[in-house]
Amino acid sequence: MTESAAPQSDHRTVLLRGGEVHSPADPFATAMVVERGHVAWVGSEGAADAFASGVDEVIDLDGALVTPAFTDAHVHTTATGLALTGLDLSRARTLTDALGLVREHSAAHPGDTVLLGHGWDATRWPEQRPPSRAELDEASGGRPLYLPRIDVHSAVVTTALLDLVPGITGLTGYHPDAPLTAAAHHAVRSAAHGAVTPAQRAAAQRAALAHAASLGIGTVHECAGPDISDEGDFTALLRLAAAEPGPRVVGYWAEHVEGAKDARRIRELGAIGAAGDLFVDGSLGSHTACLHTPYADAPHTGAAHLDAAAVAAHVTACTEAGLQAGFHAIGDAALTAVVGGIGAAVESLGLARVRAARHRVEHAEMLTPETIAAFAEYGLTASVQPAFDAAWGGEDGMYAQRLGAERARTLNPYAALLRAGVPLAFGSDSPVTPLDPWGTVRAAAFHRTPEHRISARAAFTAHTRGGWRAIGRDDAGVLVPGAPADYAVWRTEELVVQAPDDRVARWSTDPRSGTPGLPDLTPGGELPRCLRTVVFGQTVFARPNE
């Protein structure tokens, strides 16, 4: 990809030509004009000649693909940056590996007040157990250490960190030598993150946003809240993102709203909704997702944090205040509580008002035909993470361990959601699973349970336009005249169009389809490589030597 450049300004006019432009305005487009931060025109190479002399910059795509930039609809930005710059245990293949990585990290960071890590998953280890406190005390040299499980709903810690939290042994979810959950986990997380300096936090946020930009992500939805981070972290992130070039950050603050005063405070923080990880339950991996019947490998049904009445109160107050509401709900009982509560809000407010607010539900994994129908009726957006299925689905995966194979096969039913007309917005929940947009599209198109697979085109739409629709914008996430110029440029192989039948792995390159092509995402193949990411006409990532 080569270019003839003029001095960069927010109002320059740019012509991209000589590639493939993924646009419903013209399925055979090879060129695009960007002016004042918006798409001004898309079309053919021949027609591009008419624009070439009147633009400030011409970019020769050299056959590269231009697509809308991705939107990751569920991110924890600071935690993602800390995982990128800190102790990452996701690569540990055994408990012994994990403890060795703790020792190395502790030795390499003698000045850190608290050691922070992320990403362990004992279900992948032959030992099939998390590290004990004694093992962590030894590996850390007796220092405070916080290690959340990969789903971030439980954590193992050292004695030195427990000593920083007065009254920890009396909190719900405290276990003498097992992962901490519930209030005990929130308390140790608060203590650990409280030791992060503003400079460390800003560095982590910059690292996360730079990494997102390098993957063609133009927008992230920051899902923050008092049980996850703190107001200072949230507002600092929004300020940083507004002041520096990079992906735009849309903020959600997950705090219960009881009236107009609470809604006003949410807005004053800079959030567009009281949504994201407002916990109705926990996670399957930590045995805290709330189920109707017990886990297959534990004699209980998980944890319920909000009931239908609390959901109804939150949705009613948010709707009356013109504020988007949302919840974290994974288990079938949690999802029953969500749709029951929203149904109660509909009875008092009317269906039209509730639908117009575009409330959303994060994760929504254990759906049933009844809850899917309720999502469709109430206009709820399903903000979901296909990488969860790639990581933990299948006959032998963590979901099958927790639920049994039969229940596990019902999880993440994307095809049924689309058939019912439920809007989908794709995300990663990073750092739970990595920022990886093309991998996310692949995971949905090649779901481990075949009946839940959707077309690559539908998955791509959910990860681009779907994230914009989830925040109430129907005019973005697609390269058509008038849309914001948020796009990414990719080096990839020949573009293909997925055949319109149930055999998701079958592809067609027939140009008569009139459908814009996408890269072949068949598992095992190389994913596209991002060359450039542009947000509102401004380059926020450019791969060197391209």
Side-chain angles (χ1 to χ4, degrees), residues 74 121-123 128 130 148-155 172-173 175 178-186 227 254 277-312 326-343 361-375 380 382-386 388-389 391-414 416-417 422 429 432-433 447-449 451-452:
H74 193 121
D121 183 357
T123 66
Q128 289 289 299
R149 190 184 180 279
I150 192 168
D151 58 15
V152 201
H153 284 271
S154 60
T172 304
H175 309 284
L180 306 182
T181 61
H185 176 219
H186 296 159
D227 289 334
D277 279 332
L278 183 56
F279 295 117
V280 179
D281 67 345
S283 74
L284 292 166
S286 291
H287 292 101
T288 52
C290 190
L291 314 181
H292 283 304
T293 56
Y295 285 86
D297 60 351
H300 61 80
T301 57
H305 302 307
L306 296 176
D307 60 14
V311 169
F327 305 92
H328 162 120
I330 287 178
D332 52 1
L335 288 160
T336 296
V338 167
V339 300
I342 296 176
V361 181
E362 310 301 312
H363 316 310
E365 293 198 81
M366 288 187 72
L367 290 159
T368 64
E370 293 75 22
T371 49
I372 290 173
F375 269 51
L380 304 179
S383 171
V384 295
Q385 296 74 39
F388 286 8
D389 173 73
W392 302 306
E395 296 296 310
D396 301 317
M398 182 271 288
Y399 291 153
Q401 294 177 33
R402 293 290 185 266
L403 302 172
E406 183 176 352
R407 272 193 296 177
R409 280 192 291 269
T410 70
L411 264 59
N412 302 301
Y414 304 139
L417 285 164
V422 175
D429 199 9
V432 175
T433 58
H447 197 295
R448 289 179 179 270
T449 305
E451 58 262 37
H452 299 329

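- For H287, the ring pair (Phe, Tyr, Trp, His ring centres under 6.0 Å) criterion is met by Y295, not counting sequence neighbours.
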How far apart are the C-alpha atoms of H175 and T181, what are their side-chain angles, what is the distance that settles it, and do they pass the side chain to side chain contact (heavy atoms under 4.5 Å, CB included) test? CA-CA 8 Å; H175 309 284; T181 61; 3.9 Å; yes
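- L278 and G326 get closest at one heavy-atom pair: CB-O, 3.6 Å.
- Taken from CZ in F388 to CG in D151, the straight-line distance is 8.5 Å, to the nearest 0.5 Å.
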Check against side-chain hydrogen bond (donor to acceptor under 3.5 Å, both in side chains), T293 and R407: CA-CA 10 Å; T293 56; R407 272 193 296 177; 3.0 Å; yes
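- Using a 4.5 Å cut-off on side-chain heavy atoms (C-beta onward), F327 and D277 make no contact.
- Checked by atom type and distance alone, the side chain of D389 never pairs as donor or acceptor with a backbone atom of L411 at under 3.5 Å.
- Counting only N and O atoms by type, the side chains of Q401 and D297 include no donor and acceptor under 3.5 Å apart.
- With rounding to the nearest 0.5 angstrom, the CG atom of L180 is 15.0 Å from the NE2 atom of H153.
- Residue S383 comes nearest to E362 through the heavy atom pair OG-OE1, 2.6 Å, listed as atom of the first residue, atom of the second, then distance.
- V311 approaches V280 most closely through the heavy-atom pair CG2-CG2, 4.5 Å.
- Proximity of a side-chain donor or acceptor of D281 to a complementary backbone N or O of A303 within less than 3.5 Å is not detected.
- Distance check: R409 CZ to L403 CG gives 11.5 Å after rounding to the nearest 0.5 Å.
- Of the inter-residue distances, the one linking L417 atom CG with I372 atom CD1 reads 4.5 Å to the nearest 0.5 angstrom.
- Here I150 contributes atom CD1 and T433 contributes atom OG1; the two are 7.5 Å apart, rounded to the nearest 0.5 Å.
- Contact annotation: the side chain of P299 never approaches that of P294 to less than 4.5 Å [non-hydrogen atoms, C-beta and beyond].
- Taken to the nearest 0.5 Å, the NE2 atom of H185 stands 14.5 Å off from the OG1 atom of T172.
- Residues D429 and H74 have side chains that bring a donor and an acceptor to within less than 3.5 angstrom of each other.
- Residue Q128 places its CD atom among more than 12 non-hydrogen atoms of other residues, nucleotides or ligands, all under 6.0 Å distant.
- Taking the centre of each ring, H328 and H305 stay at or above the 6.0 Å mark.
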Apply side chain to side chain contact (heavy atoms under 4.5 Å, CB included) to V361 and L335, showing your working. CA-CA 9 Å; V361 181; L335 288 160; 4.0 Å; yes
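- Within the 4.5 Å cutoff, the side chain of L284 has heavy atoms near those of the Y399 side chain.
- For the pair A400 and G394, the tightest heavy-atom approach, listed with the atom from each and the gap, is CB-O, 3.8 Å.
- Residues S286 and S154 approach most closely at OG-OG, 2.7 Å, considering heavy atoms.
- Between L367 and A364 the shortest heavy-atom distance is CD1-O, 3.2 Å.
- In this structure, R149 contributes its side chain and A155 its backbone to no donor-acceptor pair below 3.5 Å.
- The backbone N or O of A309 sits less than 3.5 Å from a side-chain atom of D307, completing a donor-acceptor pair.
- A donor-acceptor distance shorter than 3.5 angstrom exists from the side chain of H447 to the backbone of N412, with no hydrogens or angles considered.
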Applying side-chain hydrogen bond (donor to acceptor under 3.5 Å, both in side chains), run through T336 and H292 and close with a yes or a no. CA-CA 9 Å; T336 296; H292 283 304; 3.0 Å; yes
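- T288 places a side-chain N or O within donor-acceptor distance of the main-chain N or O of S283, the cut-off being under 3.5 Å.
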